[in-house]
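Residue numbers start from 1 in every chain, and the chains themselves are labelled A, B, ... in the order their sequence lines are given, proteins ahead of strands. Side-chain atoms are counted along with the backbone in the values below, which use heavy atoms only and exclude waters and symmetry mates.
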2 protein chains.
Amino acid sequence: CFEIGGLTKIYGEGEAAVAALRGIDLTIGDGELVVLLGPSGSGKSTFLNILGGLDAPSAGHVRFHGADITKFDDRDLTRWRRDSVGFIFQSYNLMPGLTADENVRLVTEIAADPMPVSEALEAVGLAKRGKHFPSELSGGEQQRVAIARAIAKRPKVLLCDEPTGALDSATSRRVLEVLVDVARREQATVIMVTHHQGIAPIADRVIRFRDGQVEEDVRNDNP
Amino acid sequence: CFEIGGLTKIYGEGEAAVAALRGIDLTIGDGELVVLLGPSGSGKSTFLNILGGLDAPSAGHVRFHGADITKFDDRDLTRWRRDSVGFIFQSYNLMPGLTADENVRLVTEIAADPMPVSEALEAVGLAKRGKHFPSELSGGEQQRVAIARAIAKRPKVLLCDEPTGALDSATSRRVLEVLVDVARREQATVIMVTHHQGIAPIADRVIRFRDGQVEEDVRNDNP
Ligand SMILES: Nc1ncnc2c1ncn2[C@@H]1O[C@H](COP(=O)(O)OP(=O)(O)OP(=O)(O)O)[C@@H](O)[C@H]1O
Ligand SMILES: Nc1ncnc2c1ncn2[C@@H]1O[C@H](COP(=O)(O)OP(=O)(O)OP(=O)(O)O)[C@@H](O)[C@H]1O
Ligand SMILES: [Mg+2]
Ligand SMILES: [Mg+2]
């Protein structure tokens, strides 16, 4: 599981300092589906970035199966991100010079037991758009390529930052089913930042942030 | 008003051709608040980009108060975009090397009767973040700077592409009230692409796209 203690992140210094996370304590069990809610600016992306090894905290620790990610050197961080984490970024972060196919393949080529690229794109309804570049795709299509890229590596940990922000409700529902389905088969731990109302009922747990702290943590016993 | 006839946009050629818009006919009255819905990939952003003078159609026309925007030369297009249209982009399109203040000022400095920069940022709850760069702001904060930039010029036409996609429901509601309020005071025509359920009831009209065509066009007589 994830064991998070005293997680703190402060940007800038002095008067300009912004406390993005102010001491987060959480334990998240393996295979749990956690929904993370909270107002704009409350620290959700910062939290996900630290768990995914993309950023370092100012204080506190994050242990996954006993290993403290926040103390990893560059090589271990790279391995953590590459092998264990599927990350769906709030701004997709696709490589603009690669097609949709190539963006997914970049990740599956180095994975231990990946999904075929076509299967991942098929799952998000983009089987026919593989040869297009991100600039030739709509906002929601780019987001779906980012999702395909994350699920294709069959990760142990799936960190999703607003994975359906650009999608209409029918496409959102389909994409969420795919995400949850893949996660269940891999017994992956999923932490999903989302405003999508439909997901909270199927989550095991709903955590609410406010101003960099946990305001509420509700276990859902009837998902 | 906007008078749109036979608006068509085809990307690519031959087998790879994608028909993003397949003959759109619409008339939108001055001061109308139109919500534009439709599945991912149905042509909403393409439509907005053409109306905003950011893209040209393959066929058809768009007349605004009698002038055909699709026949404008570069100079008239620049003037149309700069003076008459406030555009909130699906991917924000902020200048990464300018602070939030400077991003808004860039637009107000050349406007005829702009809002003060501080007032625009205040309206979206970011009065204290003006000195930060986009990379130092959360997703929802970047989106709100993009909104401040669009309303600050007090445009005749407000084209909003998912303006609340990255915002939690409380912040969304506040931002939508601000947008509608500014539009009403300026008697601006608003075309808003959004999945946000809360806005359809206050719109004058809800238009639904599917596969590059108008599938439904419902006037709301009790907004
Ligand atoms: N440069 C391009 N080359 C090829 N196809 C393109 C290009 N730009 C857009 N498209 C396609 O045109 C169609 C309409 O795109 P558009 O961005 O207008 O959709 P949208 O309704 O805004 O979708 P979303 O809700 O996902 O943002 C999509 O299928 C998209 O992939
Ligand atoms: N490099 C930075 N310098 C200063 N402040 C920063 C920086 N990066 C993030 N912040 C601030 O940290 C706070 C938390 O940001 P974060 O992106 O985690 O919020 P969020 O909950 O994901 O918001 P949203 O829902 O808008 O995406 C915000 O106030 C943001 O402006
Ligand atoms: Mg965020
Ligand atoms: Mg779009």
Side-chain angles (χ1 to χ4, degrees), chain A residues 11-12 15-16 18 20 36-49 89-92 94 124-126 128-145 161-162 164-175 193-198 208-210 212, chain B residues 11-12 15-16 18 20 36-49 89-92 94 124-126 128-145 161-162 164-175 193-198 208-210 212:
Chain A
Y11 291 105
E15 276 225 22
V18 175
L36 179 52
L37 303 174
S40 172
S42 55
K44 309 178 296 295
S45 296
T46 302
F47 179 70
L48 247 50
N49 289 343
F89 295 85
Q90 192 166 7
S91 49
Y92 323 151
L94 298 176
V124 298
L126 292 178
K128 300 207 192 65
R129 306 305 302 280
K131 301 272 174 297
H132 284 97
F133 291 90
S135 61
E136 299 172 330
L137 297 173
S138 76
E141 288 165 346
Q142 293 174 32
Q143 187 161 46
R144 285 184 273 154
V145 175
D161 204 343
E162 311 278 3
T164 63
L167 303 175
D168 54 287
S169 46
T171 315
S172 286
R173 222 173 2 253
R174 161 182 187 165
V175 151
V193 173
T194 180
H195 306 315
H196 187 82
Q197 306 285 25
R208 188 173 286 278
F209 275 21
R210 177 175 291 279
Chain B
Y11 292 105
E15 277 225 22
V18 175
L36 180 51
L37 304 173
S40 173
S42 55
K44 310 179 293 296
S45 296
T46 302
F47 179 70
L48 247 51
N49 289 344
F89 295 86
Q90 191 165 7
S91 49
Y92 324 153
L94 300 176
V124 298
L126 291 177
K128 300 207 192 65
R129 307 305 301 281
K131 301 270 175 293
H132 284 97
F133 290 92
S135 60
E136 300 171 330
L137 297 173
S138 76
E141 288 164 346
Q142 292 174 32
Q143 186 161 48
R144 285 184 274 156
V145 175
D161 204 343
E162 312 277 2
T164 64
L167 304 176
D168 55 285
S169 48
T171 315
S172 284
R173 222 176 359 257
R174 164 182 186 168
V175 150
V193 174
T194 180
H195 307 312
H196 187 81
Q197 306 287 21
R208 187 174 288 276
F209 275 20
R210 176 174 291 280

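Here CD of B/Gln90 is found 9.0 Å from CD of A/Gln143. Values are rounded to the nearest 0.5 Å.
Contacts between A/Ala16 and chain B at a heavy-atom distance below 4.5 Å involve the backbone alone (N, CA, C, O). Heavy-atom distances place both the backbone and the side chain of B/Ala166 under 4.5 Å from chain A. B/Val18 touches chain A through its side chain: at least one heavy atom from C-beta onward sits under 4.5 Å away, while N, CA, C and O do not.
Qualifying side chain to side chain contact (heavy atoms under 4.5 Å, CB included) partners for B/Ser40, counting only residues two or more places apart in sequence or in other chains: A/Ser138, A/Glu141, A/Arg144, A/Leu167, A/Asp168, A/Thr171. With sequence neighbours excluded, no residue forms a ring pair (Phe, Tyr, Trp, His ring centres under 6.0 Å) with A/Tyr92.
Ranked by heavy-atom pairs shorter than 4.5 Å toward chain A, the options B/Gly125, B/Gly12, B/Gly41 are led by B/Gly41. When B/Gly38, B/Ala20, B/Pro39 are compared by the number of non-hydrogen pairs under 4.5 Å with chain A, B/Pro39 comes out ahead.
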